[in-house]
Amino acid sequence: MYCCRTGDFNDILRKLFTMKNIRQFQIHSIRWRSTATAHSPHVSAGSPEVLEATNDLITAKHYSQVPGPTPWPIIGNTWRMLPVIGPYQISDLANVSYILYKQYGKIAKLGNLVGRPDLLFVYDADEIEKVYRQEGNTPFRPSMPCLVKYKSQVRGQFFGRLPGVVGVHGEAWREFRTKVQKPVLQPQTVKKYIQPIEEVSDYFIKRMQEMKNENSEMPADFDNEIHKWALECIGRVALDARLGCLNPDLPKNSEPQKIIDAAKYALRNVALLELKYPFWRYLPSTLWKKYVSNMDYFIEICMKYIDDAMLRLKNKSQSVNESELSLVERILANEPDPKTAYILALDLILVGIDTISMAVCSMLYQIATRPEEQEKIHQEILKILPNKDDKLDASKLEKMVYLKAFIKEVLRMYSTVIGNGRTLQKDMVICGYRIPKGIQLVFPTIVTGNMEEYVTDCKQFKPERWLKQSTDYIHPFASLPYGHGPRMCLGRRFADLEMQVFLAKLIRSHKLEYLHKPLEYKVTFMYAPDGELKFKMTERPTS
């Protein structure tokens, strides 16, 4: 979802809570109760917090005692991901997360992996909170080492000292994010795109009507059409331009389609490179070579559109009011080096296309298979947009509380990002074990968001739990589809906006059904329904 925080399983600054703040937070909202203790990274060496942490490290059980699958000699646990002999499938990583939890409990170690640190799965929301509370300003997220190598070594000259936010860590990440986060996260910047995204969505809904077959169903490759809509939205946001992705006569070998294919290939092969075929770290495998050539091609095509956008903006009148500046213009206005805008645009396009597309596929499937909830959404939107041609604005979107609750509930039960992660920067006690620096933590939100102790009636699909008047308990760190803290998804406001606008306009005017065999969810890069999305689309009576 412009997922600029994707880890091994998929990425605002946070406010550090004092103990007083946390106690007040717990008292005022039982729904968001938490039992973890918050620690400031700036406590004194002799403070009770430091002494307690030191004592915990001394008394904790050794890391070798953490339960988990037994590794084989030489290849460790990597064999579990290999074809034929391996029991763990990349497409079924969500189920693997459940299996590890059921077999080993709230902490499980997948150790001795070829070419990479151990993966430590943590299923305790209080422990997850503790890790997040204690991280500093530059948390290290285990984010796609293959992309890290591509940006820093293979194309280091192009990306330079500040290569963006995706696949970047430490001070280089912090400095780049500091440059771009204000314009990206400012509500007034996001609100500026309500009308442009509405235009793109209205046109896409019109195209959907034209795509229908004799049964009023979408084509078998409808997910690719959603990818085109997503790229068109990203182009509008990142480049302030329409890319023409939704043109009905767009050939299969068009540049927008090539951008989509290249971005999907880059992201969907990360897990294969990292877990299934990690040998590229030592020898340039065929898959690694193809990954590099694909990324080169992706950048080459994208740069054409980015160059055009920059030229257009350069020739734009200088008398434009600041409030009317686009995202790219706001960055260029404060940055002497235009490469900052170039690299941000590349990052948004690379991770945004597949993430937002798969999230929308999941939303549409859940809406189509839940007629009662769909009708509630329709009735809510009908009150806000009584006439079919009514246009959206910020105040109208604000009133769509049930639609937003529905989106949150889908992301809780079927989290598009099945887990977040951190690489420990210091030794730490987690679940009673001393975990050494360098271990990669995985927080499987797809599991913790569906655990009864953290979510009331967790097996029940209930959007109402997210409404203000609800008394249901939801642990604040059980379901984090956008991550948390400084590395929280940079593009989440735009992702939310695009989903809300598209779903609101679609369900306002059309009824959606899915009349085929139920689909299973699988992991490509994201977690989404696997199969043909042949939704039946019926126009509602006009008013």
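Counting from 1, the numbers follow the sequence of the chain as shown. Atom set for the values below is all heavy atoms of this structure, side chains included, hydrogens, waters and symmetry mates excluded.
At a threshold of 4.0 Å, the pair Lys399-Glu380 does not count as salt-bridged, since none of the basic side-chain nitrogens sits closer than that to a carboxylate oxygen. One finds no salt bridge joining Glu217 and Lys212 here, because no Lys/Arg side-chain nitrogen approaches an Asp/Glu carboxylate oxygen to under 4.0 Å. Comment: Arg242 engages Glu232 in a salt bridge, judged by a side-chain N to carboxylate O separation of less than 4.0 angstrom. Under the 4.0 Å criterion applied to side-chain N and carboxylate O atoms, Lys376 and Glu373 are not assigned as salt-bridge partners. Using a 4.0 Å cut-off between charged nitrogen and carboxylate oxygen, Lys206 and Asp202 do not count as a salt-bridge pair. The pair Asp347-Lys151 counts as a salt bridge, with a side-chain nitrogen and a carboxylate oxygen less than 4.0 angstrom apart.
Scanning all heavy atoms of the two residues, the minimum distance from Met400 to Ala504 falls at SD-CB, 3.7 Å. Of all heavy-atom pairs between Ala94 and Val523, the closest is N-CG2, 4.1 Å. Shown here for Phe477 and Leu480, the closest heavy-atom pair between the two residues is CD2-CD1, 3.8 Å. Residue Leu392 comes nearest to Lys505 through the heavy atom pair CD1-CD, 3.8 Å, listed as atom of the first residue, atom of the second, then distance. Considering every non-hydrogen atom in both Leu348 and Ala238, the closest pair reads CD1-CB, 4.0 Å. Taking both residues in full, the closest heavy atoms of Met218 and Met537 are given as CE-SD, 3.7 Å, listed atom of the first, atom of the second, then distance.
Within the 3.5 Å criterion, the main-chain N or O of Asn387 finds a donor-acceptor partner in the side chain of Asp390. Between the side chain of Arg412 and the main chain of Gly449, a donor-acceptor pair closer than 3.5 Å is present. Side chain of Arg487 to backbone of Val165: a donor-acceptor contact under 3.5 angstrom is found. Of the possible polar contacts, none joining the Arg236 side chain to the Pro196 backbone as a donor-acceptor pair under 3.5 Å is found. Judged by distance alone, the side chain of Gln440 and the main-chain N or O of Leu119 form no donor-acceptor pair under 3.5 Å. His378 places a side-chain N or O within 3.5 Å of a backbone atom of Ile507 that can act as its donor or acceptor partner. Judged by distance alone, the side chain of Tyr98 and the main-chain N or O of Ile446 form a donor-acceptor pair under 3.5 Å. Checking side-chain atoms of Tyr365 against main-chain N and O of Pro518 turns up no donor-acceptor pair under 3.5 Å. Under the 3.5 Å distance criterion, the side-chain polar atoms of Thr448 are matched with a main-chain donor or acceptor of Ala478. Although no hydrogens or angles enter the test, the distance criterion places a donor-acceptor pair under 3.5 Å between the side chain of Trp280 and the main chain of Leu273.
Counting heavy atoms of neighbouring residues, nucleotides and ligands inside a 6.0 Å radius, atom CD of Glu398 does not exceed 12 of them.
In terms of the salt bridge (charged side-chain N to carboxylate O under 4.0 Å, His left out) criterion, Lys511 has no residue partners (sequence neighbours excluded). Lys290 meets the salt bridge (charged side-chain N to carboxylate O under 4.0 Å, His left out) test with no other residue; sequence neighbours excluded.
Proximity of Glu520 to Pro529: side-chain heavy atoms (C-beta onward) are nowhere separated by under 4.5 Å. Side chains of Val401 and Leu467 form a contact here, defined as non-hydrogen atoms less than 4.5 Å apart. The shortest side-chain heavy-atom distance between Phe159 and Ile343 falls under the 4.5 Å cut-off. No side-chain heavy atom of Tyr265 sits less than 4.5 Å from a side-chain heavy atom of Met295. Residues Val455 and Asn450 are not in side-chain contact: their nearest non-hydrogen atoms beyond the backbone lie 4.5 Å or more apart. Phe140 places none of its side-chain heavy atoms less than 4.5 Å from the side chain of Arg422. Contact check for Glu225 versus Leu246: no side-chain heavy atoms found under the 4.5 Å cut-off. Between Val410 and Phe461 the shortest side-chain heavy-atom distance falls below 4.5 Å.
Side chain to side chain, Gln257 and Asp261 meet the donor-acceptor criterion of an N or O pair below 3.5 Å. A donor-acceptor pair shorter than 3.5 Å cannot be found between the side chains of Asp393 and Gln195. A donor and an acceptor atom, one from each side chain of Asn95 and Tyr88, are nowhere located under 3.5 Å apart. In the model, Asn420 has no side-chain atom that pairs as donor or acceptor with a side-chain atom of His484 under 3.5 Å. Of the N and O atoms on the side chains of Gln209 and His510, at least one donor lies less than 3.5 Å from an acceptor on the other residue.
Here the straight-line distance linking atom CG of Leu311 with atom CD1 of Ile306 works out to 14.0 Å at 0.5 Å rounding. Atoms NZ and CD1, on Lys192 and Ile197 in that order, are 11.5 Å from each other to the nearest 0.5 Å. Rounded to the nearest 0.5 angstrom, Ile331 CD1 and Leu344 CG are separated by 4.5 Å. In this structure, OG in Ser201 is found 11.5 Å from CD in Gln500, a value given to the nearest 0.5 Å. A distance of 5.5 Å separates CG in Leu403 from CD1 in Ile377, rounded to the nearest 0.5 Å. Taking CG of Leu350 as the reference point, atom SG of Cys302 lies at 8.0 Å (rounded to 0.5 Å).
Residue Phe494 is tested with Val190, Ile234, Ile356 for a side-chain contact (heavy atoms from CB on, under 4.5 Å); the sole match is Val190.
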Are Tyr150 and Asp296 close enough, and set up right, to give a side chain to side chain donor-acceptor pair (under 3.5 Å), and what steps lead you there? CA-CA 10 Å; Tyr150 179 82; Asp296 287 345; 2.4 Å; yes
Any chance you could lay out the salt bridge (charged side-chain N to carboxylate O under 4.0 Å, His left out) test for Lys388 and Glu539, step after step, and finish with the verdict? CA-CA 11 Å; Lys388 184 180 179 181; Glu539 192 165 5; 2.7 Å; yes
Run the salt bridge (charged side-chain N to carboxylate O under 4.0 Å, His left out) check on Lys304 and Asp308 step by step: do they pass? CA-CA 6 Å; Lys304 292 182 182 179; Asp308 289 344; over 6 Å; no
Run Ile301 and Tyr297 through side-chain contact (heavy atoms from CB on, under 4.5 Å) and show every step you take. CA-CA 6 Å; Ile301 298 177; Tyr297 187 65; 3.1 Å; yes
Checking side chain to side chain donor-acceptor pair (under 3.5 Å) for the pair Ser362/Tyr521: CA distance, chi angles, key distance, verdict? CA-CA 9 Å; Ser362 184; Tyr521 273 66; 2.8 Å; yes
Derivation of the salt bridge (charged side-chain N to carboxylate O under 4.0 Å, His left out) call for Lys462 and Glu409: CA-CA 7 Å; Lys462 188 165 65 170; Glu409 186 70 347; over 6 Å; no
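Screening residues 528-537 for salt bridge (Lys or Arg N to Asp or Glu O under 4.0 Å) gives Lys522-Asp530, Glu532-Lys534 as the qualifying pairs, with residues at least two apart or on separate chains.
With a 6.0 Å cutoff to the six-membered ring centre and a 45° limit on the axis angle, Lys149 counts as a cation-pi contact of Trp288. A cation-pi geometry, defined here as NZ or CZ lying under 6.0 Å from the six-membered ring centre and within 45° of its normal, does not hold between Lys258 and Phe298.
The aromatic rings of Trp229 and Phe502 sit tilted, their planes meeting at an angle between 30° and 60°.
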